[in-house]
Structure formats: structure tokens, C-alpha cells
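Counting begins at 1 with the first residue of the sequence.
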Amino acid sequence: MTTATPTVGVGAQATEPTTRVARVRKRLNSRTATLVSIVIAMLWTIPTFGLFISSIRPENEIKTTGWWTFFSDPQITLENYQEVLFSRGSSGQLASYFINSLAITIPSVLFPLAFASLAAYALAWMNFKGRDWVYIGIFALQIVPLQMALVPLLRFFSTGVTVAGVQIMPAWDLVDEQKFAQVWFAHTCFALPFAVFLLHNFISQLPGDLMEAARVDGATHPKIFRTIVLPLIMPALAAFGIFQFLWVWNDLLVALIFAGGGDETAPMTVRLAELAGTRGNEWQRLTAGAFVSIVVPLIVFLSLQRFFVRGLLAGSVKG
């Protein structure tokens, strides 16, 4: 009798979380939850659908009637896209800015992913003095507002680093397309604290027995990271990659400050701000340009959605 009591207690404790998970899962799979999800999805999609409808309507129709009147009198034109993508002058040539946005965004996503994954692995599975303090410092950097770092970074790029009258690092002195490097550096610095925090939480939950078995087999830290850790953290990498891609793609402030507003380096966000015209009444340009700007993020999100969901749920079930 003395041995049966703890066994029953352990069983009750083990089955209680399972029962809760089952109840939550049953509620989420109910007809009511499904109906609510459909309604939320429709409400979330209607503005985007209206933007698309407006982008293919003639200018006069956009400025005089609402997009929902399209179904009673459908008129379709591609002149809006032709104007913003390829026409010369103040109303177009969005295609070149589209390439600039890709040149800014892709490296600004890959660099933080590479550096943060290495740092997160070191903080999770390598023992060195001061490791916990380093992690706390990285975590604390997340509360630093982006705007506070703009002036120091701009001074760093323009004048370099001088200590006690001795120049430690010269000014970057970059021109034209070379200024992309400044934007990559800035976005990487701003993204690293959150990326390290997110990936560290994921990597630290990997089974310790798996790491120990690899070390017994003679695997070094680089090999463990390359062959074991990287394949297992793909959902977390995809989740952060989506967040970072959306942030950089929609960014205006950082790119405008560090890359300038010239045609050679300005992203789409800079050009979209100019498409409204001097009086803000060129709606046909804005609708077409805005829809072009959201196509790539939609493709990225939909293609990585499976990994994104797995990354958000990582660590919710242990054992």
C-alpha cells in the first residue's frame, strides 16, 4: 500500500496536462471555433482584396467610386501597374526600387540568422566564464529603442572610431550601391538581440543525451552544430526569418538614413511615399504600388508557413 500511493499520484499528475491539452484541442476543432476562424480570416483579407480590386480599376473609377462598386460595373486595366513599374519620371520606375529592396532585405535576413544561430549555440551548449552574463546582456539589449542607435551608427559610418585621439577604425566612405553595406550592418545589429534570444530558447531545449552521444562519438562543436543542431532548428530559423524579412522589407527609416534616397539605393518604401503626388491624390499609383510591395512578403510567408507554425509551437510540448 505504501508503494501504490505515489504511483497513483504520479499517474494523475501525468494525465492532467494531457487531459487539458485534449480539452483545448477539442474546443479548437469545434464548429464554433472553425466559424470564428473563417470570419476572422475574411475580415483580415477584405482590405487586401479591396486593394487589389482598386489597383486594376481605371483612375477615374478609383477616385469617384468605392472598390465594391466594381462588381456592378467591372472595368479592368493594367495601366496602373504599367505606370508605376516601368514609366519614367516621378510616377514610375518602381521596378528598380523593387530590386533595391531585394538587395537590402535578403542579406539583412541571412546575416542575423547566421550570427545569431552560432551565438545561440555557444550560449546554450558551450561552457565558458561569464556565459550567463553575456546572455543577460543580449537579452537586455532588446529594450533599447532603434531610434537611439541611429545617430551613433551614422557617426560610426561617417567618422569611424577614435579613442584618446587615436583612430581605431576609419570612416567607411561608401558611395552609391556600396551604401547597402551600411544598411545590412544596421539591420543586423538591430536584429541580433531578439534573434539570439529566440534561437537560444529553442536550441537549449534540444535533448542533452543527443549532444552527449555526439561528443562520445568524437564530434566537435562545429560538427554538432552543422549536422545536428541546424536541421533541428529549421522551424525557429524560418520563424525568425519571416519576422525579419517583413520588418526589413517594410522599413523606411533605416534604409532612408543609411542608404540615402537616391535611385541607386532607395528601397520601395521610399518610392511609395513619393507615388501619392504633391497633393496626395494619385490613388491609382498607390494602390498598384502597394499591391506590388506586398506580393513578395506574401510569397515568403505562404512558402514558409509550415515552418513558421512549428517554430511558434516549439518548446510547448516537452518530453
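- The main-chain N or O of Lys179 is never found under 3.5 Å from a side-chain atom of Trp184 such that the two would form a donor-acceptor pair.
- Both Leu286 and Phe70 belong to a single network of hydrophobic side chains, linked directly or stepwise wherever heavy atoms of I, L, V, M, F, W or Y lie under 4.5 Å apart.
- Side-chain heavy atoms closer than 4.5 Å link hydrophobic residues (I, L, V, M, F, W, Y) into clusters, and following such links, even through other members, never connects Trp249 to Leu256.
- In the hydrophobic clustering of ILVMFWY residues, with side-chain heavy atoms under 4.5 Å counting as a link, Phe71 and Ile46 come out together.
- Residues meeting the ring pair (Phe, Tyr, Trp, His ring centres under 6.0 Å) test with Phe190, sequence neighbours left out: none.
- Under a hydrophobic clustering in which Ile, Leu, Val, Met, Phe, Trp and Tyr are joined whenever their side-chain heavy atoms come within less than 4.5 Å, directly or via other members, Phe49 and Val39 fall into different clusters.
- Counting only distance, with no hydrogens or angles, the side chain of Asn80 and the backbone of Ser55 share a donor-acceptor pair below 3.5 Å.
- Clustering of Ile, Leu, Val, Met, Phe, Trp and Tyr by side-chain heavy atoms under 4.5 Å joins Ile136 with Trp133.
- Scanning both residues, Ala290 and Leu51, for their nearest heavy atoms gives CB-CD2, 4.0 Å.
- In terms of heavy atoms, Ile143 sits closest to Ala140 at CG1-O, 2.9 Å.
- Residue pairs meeting the salt bridge (charged side-chain N to carboxylate O under 4.0 Å, His left out) criterion with at least one partner in residues 201-213, sequence neighbours excluded, are Glu212-Arg215.
- In this structure, Phe180 has no ring pair (Phe, Tyr, Trp, His ring centres under 6.0 Å) partners at least two apart in sequence or on a different chain.
- Partners of Ile38 according to the side chain to side chain contact (heavy atoms under 4.5 Å, CB included) rule, which considers only residues two or more places apart in sequence or in another chain, are Thr34, Met42.
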- Test side chain to side chain contact (heavy atoms under 4.5 Å, CB included) on Val248 and Val183 and set out the steps. CA-CA 10 Å; Val248 178; Val183 187; 5.9 Å; no
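- Looking only at side-chain heavy atoms (C-beta outward), Phe98 and Val296 come within less than 4.5 Å of each other.
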Pairs under 3.5 angstrom only: tabulate donor-acceptor contacts from the side chains of residues 117-128 to other protein residues two or more places apart or in another chain.
{"residue": "Ser117", "atom": "OG", "partner": "Leu113", "partner atom": "O", "Å": "2.8"}
{"residue": "Ser117", "atom": "OG", "partner": "Ala114", "partner atom": "O", "Å": "2.9"}
{"residue": "Tyr121", "atom": "OH", "partner": "His221", "partner atom": "ND1", "Å": "2.8"}
{"residue": "Trp125", "atom": "NE1", "partner": "Ile203", "partner atom": "O", "Å": "3.1"}
{"residue": "Asn127", "atom": "OD1", "partner": "Arg131", "partner atom": "NH1", "Å": "3.2"}

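- Remark: Pro58 engages Glu61, Gln75, Thr77 in a side chain to side chain contact (heavy atoms under 4.5 Å, CB included) (not counting sequence neighbours).
- For the atom pair CH2 (Trp44) and OG1 (Thr48), the distance works out to 9.0 Å, reported to the nearest 0.5 Å.
- Side-chain heavy atoms closer than 4.5 Å link hydrophobic residues (I, L, V, M, F, W, Y) into clusters, and following such links, possibly through other members, connects Val292 to Phe301.
- Smallest separation of non-hydrogen atoms from Ala255 and Asp251: N-OD2, 3.0 Å.
- With sequence neighbours left out, the side chain to side chain contact (heavy atoms under 4.5 Å, CB included) criterion links Val295 to Phe291, Ile299.
- Side-chain atoms of Thr69 come within 3.5 Å of backbone N or O of Gly66 as a donor-acceptor pair.
- In this structure, the separation between CD on Glu79 and CD1 on Ile56 is 13.0 Å, given to the nearest 0.5 Å.
- With sequence neighbours excluded, the residues that form a ring pair (Phe, Tyr, Trp, His ring centres under 6.0 Å) with Phe139 are Phe197.
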- Intermediate values then yes/no, side chain to side chain contact (heavy atoms under 4.5 Å, CB included), Trp67 and Thr287: CA-CA 11 Å; Trp67 65 267; Thr287 54; over 6 Å; no
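- You'll find the ring centres of Phe156 and Phe185 inside the 6.0 Å limit.
- A distance of 10.5 Å separates CG of Leu146 from SG of Cys189, quoted to the nearest 0.5 Å.
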Compile the donor-acceptor pairs under 3.5 Å between side chains in residues 225-244 and protein atoms, sequence neighbours left out, one pair per line.
{"residue": "Thr227", "atom": "OG1", "partner": "Lys223", "partner atom": "O", "Å": "2.6"}
{"residue": "Gln244", "atom": "NE2", "partner": "Ser108", "partner atom": "O", "Å": "3.1"}

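- The ring pair (Phe, Tyr, Trp, His ring centres under 6.0 Å) test applied to Tyr81 returns no partner, not counting sequence neighbours.
- Residue Ile99 holds its CD1 atom at 10.0 Å from CE of Met268, rounded to the nearest 0.5 Å.
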- Query: side-chain hydrogen bond (donor to acceptor under 3.5 Å, both in side chains) between Arg57 and Thr65: does it pass, once the steps are laid out?
  - Reply: CA-CA 10 Å; Arg57 300 181 71 201; Thr65 59; 2.8 Å; yes
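- Under a 3.5 Å cut-off, the side chain of Asn250 and the backbone N or O of Leu246 do form a donor-acceptor pair.
- Minimum heavy-atom separation, Pro193 to Leu141: CG-CB, 3.8 Å.
- Under the 4.5 Å side-chain criterion, counting only non-hydrogen atoms from C-beta, Leu192 is not in contact with Ile138.
- Residues that satisfy the side chain to side chain contact (heavy atoms under 4.5 Å, CB included) test with Ile257, not counting sequence neighbours, are Leu150, Leu154, Leu253.
- Taking both residues in full, the closest heavy atoms of Ala103 and Pro107 are given as O-CD, 3.1 Å, listed atom of the first, atom of the second, then distance.
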